[in-house]
Amino acid sequence: MVSPQISAPPGDWPGKHFGLPQTGQRSIARFGRRLAAVAIDIALGALISYAFFEYDRWASLAIFVVMQIVFIVLVSGSIGHLLLGMRVVPLKAGWIGIWRPIVRTVLLALLVPALIADRDRRGIHDRLAGTVLVRR
């Protein structure tokens with residue numbers, strides 16, 4: 001699968017114009033790591049749904065959404081993000097707040113906005129929420 005993103009010009013890298021480094025801590029998280037984190041979160045939602053609701057598709061989605069919002073608000077990342085060394089931060093300094101995780105998660109649940117990325121590897125869900133997924 002090819003990463004759905006626009007290539008940056010030579011000498012440029014994702015996040016450069018935000019003042020983020022090219023590699024290492026606080027650099028933009030790569031597509032594979034982001035995809036693996038979402039897969040972990042979806043699997044956890046499905047596992048909890050199976051344990052309590054004998055697996056219901058809508059319960060799994062609701063659990064996924066609630067986990068995303070709660071964990072991003074409290075610890076700046078979902079369980080998958082934290083396990084893979086990432087965190088969600090606002091573009092402007094300060095606390096991420098409550099509205100950003102809600103907007104980001106609702107759009108992420110629609111899936112398509114997350115697959116459309118800009119040159120900074122930010123999906124539509126991150127752009128509209130004013131967030132960026134960086135390495136810890």
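Keep in mind that the numbers below use all heavy atoms, side chains included, and drop hydrogens, waters and symmetry copies. The first residue of the sequence shown is numbered 1, and numbering continues consecutively from there.
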Donor-acceptor under 3.5 Å (D41 side chain, G80 main chain): yes

Joint cluster assignment, F64 & L74, ILVMFWY side-chain distance < 4.5 Å: yes

S49 versus A59, closest heavy-atom pair with distance: OG-CB, 3.8 Å

Where at least one partner belongs to residues 43-57, residue pairs that pass salt bridge (charged side-chain N to carboxylate O under 4.0 Å, His left out), sequence neighbours excluded: none

Close side-chain approach of V132 to I28, heavy-atom, < 4.5 Å: yes

Enclosure of R33 CZ (heavy-atom neighbours >12, cutoff 6.0 Å): yes

Closest non-hydrogen atom pair between P14 and R121, with its separation: CG-NH1, 3.4 Å

Smallest separation among heavy atoms of A29 and R135, with atom names: CA-CG, 4.2 Å

CD1 on I72 to CD1 on I98, rounded to 0.5 Å: 13.0 Å

4.5 Å side-chain heavy-atom contact, M67 and L44: yes

From CG (L110) to CD1 (I124), nearest 0.5 Å: 10.5 Å

Derivation of the salt bridge (Lys or Arg N to Asp or Glu O under 4.0 Å) call for D12 and R119: CA-CA 10 Å; D12 199 7; R119 68 184 176 131; 3.2 Å; yes

Neighbour count >12 (heavy atoms, 6.0 Å) for atom CZ, F52: no

Co-membership, hydrophobic cluster, residues V70 and I48, 4.5 Å side-chain: yes

Distance (rounded to the nearest 0.5 Å) between L128 CG and R122 CZ: 9.0 Å

Shared hydrophobic cluster for V65 and I102 (ILVMFWY, side-chain gaps under 4.5 Å): yes

Single-linkage hydrophobic cluster, 4.5 Å side-chain cutoff, L108 and F31 together: no

R87 side chain to L82 backbone, donor-acceptor under 3.5 Å: no

Minimal non-hydrogen separation, V73 against P101, with atom names: CG2-CG, 3.6 Å

Check: L20 main-chain N/O paired with W13 side-chain donor or acceptor under 3.5 Å: yes

side-chain hydrogen bond (donor to acceptor under 3.5 Å, both in side chains) partners of residues 100-116, not counting sequence neighbours, each pair once: R104-D126

Results of side-chain hydrogen bond (donor to acceptor under 3.5 Å, both in side chains) for S76 - residues two or more places apart only: none

side-chain hydrogen bond (donor to acceptor under 3.5 Å, both in side chains) partners of H81, counting only residues at least two apart: S78

Within-4.5 Å side-chain heavy-atom neighbours: V89 and I96: no

Separation between CD1 of I42 and CD1 of I63, rounded to the nearest 0.5 Å: 13.0 Å

Heavy atoms from other residues, nucleotides or ligands near CH2 of W58 exceed 12 (cutoff 6.0 Å): no

Reported CG-to-CD1 distance for the pair L35 and I40, which is rounded to 0.5 angstrom: 10.0 Å

side-chain hydrogen bond (donor to acceptor under 3.5 Å, both in side chains) contacts touching residues 20-29 (sequence neighbours left out): none

Heavy-atom pair with the smallest gap, counting every atom of W99 and A129: CH2-O, 3.7 Å

Linked hydrophobic residues, Y50 as query - side chain contacts closer than 4.5 Å: Y55

Reported CD1-to-NE2 distance for the pair I116 and H125, which is rounded to 0.5 angstrom: 11.0 Å

Single-linkage hydrophobic cluster F18~L133, side-chain heavy atoms < 4.5 angstrom: no

